[in-house]
Amino acid sequence: MPLKLKIYIGVITVSSITLFIYLTPSLPSFSNIWLAILFFVTISIFAEFIPVDLPVGGVISIGFPIDFVLILVYGPALAMLITALGALIGEIIEKKVSWYKIIFNTSQYALTAGIAGIAYQQAGGVVGAQNIFKFILPATICALTYCIVNITFFVMVVSFAQNVRIKKIWRTSIKEMIPSYIAEAPMGFLMAIVYTEVGIVGILLFFLPLLLARRSFELYTKMRKVYLDTIRALAAAIDAKDPYTKGHSERVSEMSVVLAQELNLSDNDIENIEYTALLHDIGKIGIDDSILGKKSSLTDQEFDKIKEHTIMGANIIQPVDFLKNSYRAIYHHHERYNGEGYPDGIKSEDIPILARIIAVADAYDAMSSDRPYRKKLSKDKILKELKDQSGKQFDPEIVKALISVLDREREE
């Protein structure tokens, strides 16, 4: 385990314990609510058994509405205690052997609930109020705080564990987790209102729609994963036609996403470029293997045949509805910034931004890899070539972005 991950887990754990000790005087008397405590611990444990896997790693559970009810009705201290017990018991029953995961999840769930509870009170919310509707604004602030804190804790631990940039994980996590919070926050607020009126039975009535919300989110994440896995398999099949390009499409996709993030493109563009870059060479499926793997120079006729892969690739993906935004980028990814590329010879801003990014990522990976006609280039030679071709073959802004990314990687 990386040292920074150990330190991070330690900080979260100590912070959680410290906050709970600070809030302990506000704990309600257990003598009158022991049945409620048992009930909420039970459903918190149950929530741990039906999480939804996230594409970036980790999971999201349906524990948020339960924590929301506890905060509004009993306060942050009891919310922390029950959340921690639910997470701890749930993960022990699941027999998770990674002690640091058990400690981190237990601590961060409790800490999130505690901070959100304090935010509710600081915003003017009253714990245990009979008319919770009066405190809808503090409750909204509480939900927003819970969401931001939980996502931040999650992003940090994934970044440290996988050695991935925080910015990359954050943008993906926001996109994946926000829909779940948006669906669950109003439900948690209504659950708190009903619970204050009719008790435990009211919570049980909400559990079916809560499970349906969880199921909808699970289907969304699974569908996206199936799409991406299918595209990756297809890209791998294309790369397998040439032993020198094994893994090429995957690497181009990864670099294209990094560049899109560096250029602050929208989340939709970042998601589109991930798919598009994986399939940028799909047209090569129609090119003869003897041409793709030729170790000597290509004839003019053979090169003209290679050029056709951009048009063929665009035509292959055109009928696929969820890839409709990839058509122009695949068609134009061999255009040059100065207008001397193919197939249409368009230049500068007329070339789609995704195509311009893929062109740089594609060239970078080609120069970084062995090919039949040459060995891979050194980093210094690659940087020199990128700078020489800036404004000619490549978009200067994208070249700057790539150089920034490479410089940062060297520093790390």
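Along the sequence shown, residues are numbered consecutively beginning with 1.
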What pairs of donor and acceptor atoms, side-chain ones from residues 63-75 against any protein atom, are under 3.5 angstrom apart with sequence neighbours left out?
from: Asp67; atom 1: OD1; to: Thr83; atom 2: OG1; distance (Å): 2.7
from: Asp67; atom 1: OD2; to: Tyr146; atom 2: OH; distance (Å): 2.5
from: Tyr74; atom 1: OH; to: Tyr195; atom 2: OH; distance (Å): 2.6

Work out which heavy atom in [X] is nearest to a heavy atom in [Y]; give both atom names and the distance.
{"X": "Met255", "Y": "Ala361", "answer": "CG-CB, 3.8 Å"}
{"X": "Ile82", "Y": "Ser44", "answer": "CG2-OG, 3.8 Å"}
{"X": "Tyr337", "Y": "Asp395", "answer": "CD1-CA, 3.6 Å"}
{"X": "Leu354", "Y": "Ala329", "answer": "CB-CB, 3.8 Å"}
{"X": "Pro396", "Y": "Ser390", "answer": "CA-OG, 3.2 Å"}
{"X": "Lys347", "Y": "Asn338", "answer": "CB-C, 3.7 Å"}

So, are [X] and [Y] salt-bridged, with charged N and O less than 4.0 Å apart?
{"X": "Glu302", "Y": "Lys305", "value": "no"}
{"X": "Glu340", "Y": "Lys392", "value": "no"}
{"X": "Lys384", "Y": "Asp388", "value": "yes"}
{"X": "Glu397", "Y": "Lys400", "value": "yes"}

Before you tell me yes or no, could you show the steps for His280 and His334 under ring-ring contact (aromatic ring centres under 6.0 Å, His included), namely the whole-Å CA-CA distance, both residues' side-chain angles and the distance that decides it to 0.1 Å? CA-CA 10 Å; His280 75 282; His334 274 291; 7.8 Å; no
Side-chain heavy atoms of [X] within contact of [Y], under 4.5 Å:
{"X": "Phe303", "Y": "Asp300", "answer": "no"}
{"X": "Ile287", "Y": "Met312", "answer": "yes"}
{"X": "Ser369", "Y": "His248", "answer": "no"}
{"X": "Leu383", "Y": "Leu402", "answer": "no"}
{"X": "Leu279", "Y": "Ile330", "answer": "yes"}
{"X": "Tyr364", "Y": "Val252", "answer": "no"}
{"X": "Val155", "Y": "Thr152", "answer": "no"}
{"X": "Met367", "Y": "Leu386", "answer": "yes"}

When you look at CD of Gln122, are more than 12 heavy atoms from neighbouring residues, nucleotides or ligands closer to it than 6.0 Å? no
Derivation and outcome, side-chain contact (heavy atoms from CB on, under 4.5 Å), residues Leu144 and Ile141: CA-CA 5 Å; Leu144 185 62; Ile141 293 172; 5.7 Å; no
Look at the side chain of [X] and the backbone N and O of [Y], then say whether any donor-acceptor pair between them is shorter than 3.5 Å.
{"X": "Ser253", "Y": "Ser249", "answer": "no"}
{"X": "Thr18", "Y": "Val14", "answer": "yes"}
{"X": "Ser16", "Y": "Ile12", "answer": "no"}

Any chance you could measure [X], atom [atom1], to [Y], atom [atom2], to the nearest 0.5 Å?
{"X": "Ile273", "Y": "Ile358", "atom1": "CD1", "atom2": "CD1", "value": "5.0 Å"}
{"X": "Asp304", "Y": "Thr299", "atom1": "CG", "atom2": "OG1", "value": "8.0 Å"}
{"X": "Ile9", "Y": "Met156", "atom1": "CD1", "atom2": "CE", "value": "12.0 Å"}
{"X": "Ile136", "Y": "Thr140", "atom1": "CD1", "atom2": "OG1", "value": "5.5 Å"}
{"X": "Asp269", "Y": "Leu263", "atom1": "CG", "atom2": "CG", "value": "10.5 Å"}
{"X": "Ile398", "Y": "Ile403", "atom1": "CD1", "atom2": "CD1", "value": "12.5 Å"}

Looking at residues at least two apart in the chain, or sitting in another chain, which of them share a ring pair (Phe, Tyr, Trp, His ring centres under 6.0 Å) with [X]?
{"X": "Tyr8", "result": "Phe104, Phe160"}
{"X": "His332", "result": "none"}
{"X": "Phe135", "result": "none"}

Got a sec, which residues hit side chain to side chain contact (heavy atoms under 4.5 Å, CB included) with Ile7, two or more places apart in sequence or on another chain? Leu3, Val11
Please report, to 0.1 Å, the donor-acceptor pairs under 3.5 Å made by any side chain of residues 111-121, with sequence neighbours excluded.
from: Thr112; atom 1: OG1; to: Gln108; atom 2: O; distance (Å): 2.7
from: Tyr120; atom 1: OH; to: Val126; atom 2: N; distance (Å): 3.4
from: Tyr120; atom 1: OH; to: Val126; atom 2: O; distance (Å): 3.1

